[in-house]
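A short worksheet on the structure shown next.
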Amino acid sequence: MKRIYPESKTGLINYIEENFHSIDQFVITLLMKDGTSLTVYDTYTYLEALGLTEIQRDCIHEDAHNDCFICKKRLSDG
């Protein structure tokens, strides 16, 4: 799992550009500023999309369990 910060949007765009030809499949869920969410995927099968989602879930759970999850700070948090 890769946490891109502090400039996460720019970092994500740079990561995708640098690794564009190595990316075969992906699943990503975005939370928009209006509170809606958007899941974007490009996979060969439904099961591969579910598998990638489970890998995400497990990585996040493991990082949280090991106190390695780095939370984004809100501007009002200081």
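- The hydrophobic cluster around Leu50 extends to Tyr46, Leu47, counting ILVMFWY residues whose side-chain heavy atoms fall within less than 4.5 Å of a member.
- In this structure, Ile13 shares a hydrophobic cluster with no other residue, the cluster being traced through Ile, Leu, Val, Met, Phe, Trp and Tyr side chains under 4.5 angstrom apart.
- Applying the salt bridge (Lys or Arg N to Asp or Glu O under 4.0 Å) rule to pairs touching residues 15-28 yields nothing, sequence neighbours excluded.
- Listed by chain and residue number, Phe69 satisfy the side chain to side chain contact (heavy atoms under 4.5 Å, CB included) test with Cys71 (two or more places apart in sequence, or in another chain).
- Partners of Glu54 by salt bridge (Lys or Arg N to Asp or Glu O under 4.0 Å), not counting sequence neighbours, listed by chain and number: Arg57.
- Across Thr43 and Phe26, no two heavy atoms sit closer than the pair CG2-O, 3.8 Å.
- If you take CD1 on Ile60 and CD1 on Ile55, they are separated by 12.0 Å, rounding to the nearest 0.5 Å.
- Put simply, Val40 and Met32 are part of the same group of oily side chains (I, L, V, M, F, W, Y) that touch within less than 4.5 Å, one to the next.
- Note on Ile28: it clusters hydrophobically with Tyr15, by side-chain heavy-atom contacts below 4.5 Å among ILVMFWY residues.
- Among the candidates Thr53, Thr29, Leu30, the single residue satisfying the side chain to side chain contact (heavy atoms under 4.5 Å, CB included) test with Thr39 is Thr29.
- Listed by first and then second residue, the salt bridge (Lys or Arg N to Asp or Glu O under 4.0 Å) pairs that reach into residues 30-48 come to none, sequence neighbours excluded.
- Between the CG atom in Leu31 and the CG atom in Leu38 there is a gap of 10.5 Å [rounded to 0.5 Å].
- The backbone N or O of Val27 lies less than 3.5 Å from a partner atom in the side chain of Gln56, making a donor-acceptor pair.
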